[in-house]
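Here's the structure, in structure tokens; my notes come after.
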Amino acid sequence: MHPMLNIAIRASRVAGKVIVRAFEQVDKVEIESKGKNDFVTNVDLAAEEAIIETIRKSYPDHTIISEESGILEGKDNDYQWIIDPLDGTTNFVKGIPHFAVSIALKVKGKLDQAVIFDPIRGELFTASRGKGAQLNNFRIRVKQRKELDGTVLATGFPFKAKQHTDAYLNIFKSLFGKTADMRRAGSAALDLAYVASGRIDGFFEIGLKPWDTAAGELLIIEAGGLVTDFTGGHNHAASGNTVAGSPRLLKEILKDIRPYLGDALSK
Ligand code: IPD
Ligand code: CA
Ligand code: CA
């Protein structure tokens, strides 16, 4: 196993322990508002600290980009760790056991290693560039769907950016008419990991952040799928507008998104 993947796994397990311990007494969690419908807890912060400490021990010079601490520039900017210590904070604070730790490593701007860890189910999704993707060490693959008929798509509602509600609902309506069903489970990282492992056929969401998608993107690519922005291009890290699935299914999803792209909703 790649030594940097090994460290990412170690970090995700340490964070997972912090999260699960706190989840057992979720009423004691301290919650603060970062923005409209956007919360951070002492657990997000403690998990992030544990991850950063674990990475720093082995790689003190690497740059770290994490949701709660921002950019911690290291001497060696070729290596960038992108961290979401707790993806699914709303689920977590409500006592819903569906959230994950997401850690990715970019080397010279390219996704190189990825871990998404669901500490409740003990499911560890991993990928190394060029080496495929795994769930608990077993190879996973994206379902090679060709059309929307019969598929189940995962999505996220734009709850932090409700100005996009109309555009979102238009896209939802258009896709919902053609799919078997939709899921809004509350963790973009797990949505992407589920696409990578073939549990879910495709995914779309408006306004995600790099730490929501970086690890999931490598998992999906290594599992034979694609991740793009709303035009099929590669601006999703900047715009946050993200689509994922098999290459053929992704094209079909984009067809239903295209009519609603406008000024408010770019790529
Ligand atoms: C959120 C979750 C959610 C998605 C949001 C994300 P957080 O991350 O991934 O599923 O709909 O857009 O911000 O805030 O829980 O880390
Ligand atoms: Ca997140
Ligand atoms: Ca988070």
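As a basis for the values below, the full set of heavy atoms in this structure was taken, side chains included, without hydrogen atoms, waters or symmetry mates. Whatever order the structure lists ligands and atoms in, that order sets their numbers, starting from 1.
Among residue pairs with one or both ends in residues 91-103, those qualifying as side-chain hydrogen bond (donor to acceptor under 3.5 Å, both in side chains) are H98-R121; sequence neighbours excluded.
Annotation: D84 places an N or O atom under 3.5 Å from an N or O atom of ligand 1; distance criterion only. Checking only distances, R184 does come within under 3.5 Å of ligand 1, N or O to N or O. Residue contacts with ligand 1: G88 is placed with a nitrogen or oxygen under 3.5 Å of a nitrogen or oxygen of the ligand (distance criterion only). Among the atoms of T89, some N or O lies under 3.5 angstrom from an N or O of ligand 1.
Protein heavy atom at the shortest distance from atom 8 (O) of ligand 1 is D87 OD1, 3.0 Å. Nearest protein heavy-atom contact of atom 14 (O) of ligand 1 is K160 NZ, 2.9 Å. Closest protein heavy atom to atom 5 (C) of ligand 1: E205 OE2, 3.4 Å.
Ring geometry for H62 versus Y79: interplanar angle under 30°, hence parallel rather than tilted (30 to 60°).
The shortest distance between side-chain heavy atoms of V40 and E48 does not fall below 4.5 Å. Between W81 and I51 there is no side-chain heavy-atom pair separated by less than 4.5 Å.
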Exercise for the section: Could you give me the CA-CA distance, side-chain angles and deciding distance for S66 and I52, then say whether side-chain contact (heavy atoms from CB on, under 4.5 Å) is met? Expected result: CA-CA 9 Å; S66 57; I52 294 174; 3.9 Å; yes
Exercise for the section: Give the intermediate values and the outcome of ring pair (Phe, Tyr, Trp, His ring centres under 6.0 Å) for residues F159 and Y168. Expected result: CA-CA 11 Å; F159 66 107; Y168 176 79; over 10 Å; no
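Counting heavy atoms only, G186 comes closest to atom 10 (O) of ligand 1 of the residues G186, P158, P85, G156.
Cluster membership for F125 and L5, using ILVMFWY side-chain heavy atoms within less than 4.5 angstrom, is not shared. If you chain together hydrophobic residues whose side chains sit under 4.5 Å apart, I221 and L249 never meet in one group. Residue I103 is grouped with residue V43 when hydrophobic side chains (ILVMFWY) are merged at heavy-atom distances under 4.5 angstrom, including chains of intermediate members. Hydrophobic clustering (side-chain heavy atoms under 4.5 Å, transitive across Ile, Leu, Val, Met, Phe, Trp, Tyr) groups Y194 together with L192. Under a hydrophobic-cluster definition in which Ile, Leu, Val, Met, Phe, Trp and Tyr are linked whenever side-chain heavy atoms come within less than 4.5 Å, directly or via other members, I200 and F176 are assigned to different clusters.
For ligand 1, the atoms lying closer than 4.0 Å to a non-hydrogen atom of E67 are 16 (O). If you number the atoms of ligand 1 from 1 as listed, the ones under 4.0 Å from a heavy atom of L86 come out as 16 (O).
When heavy-atom distances to ligand 1 are checked against a 4.0 Å cut-off, F159 comes that close only through its side chain, counted from C-beta outward. Of the heavy atoms in L208, only side-chain atoms (C-beta onward) come closer than 4.0 Å to ligand 1. Here S187 has backbone heavy atoms under 4.0 Å from ligand 1, and that is the only part of it that gets that close. Residue H98 does not touch ligand 1, judged by heavy-atom distances below 4.0 Å.
Across D191 and T155, no two heavy atoms sit closer than the pair OD2-O, 3.8 Å.
Salt-bridge check for K255 with E252: passed, with a basic side-chain N closer than 4.0 Å to an acidic carboxylate O.
Within the sub-3.0 Å shell of the Ca ion (ligand 2), the protein contributes these N/O/S atoms: D84 OD2, D87 OD1, D212 OD1.
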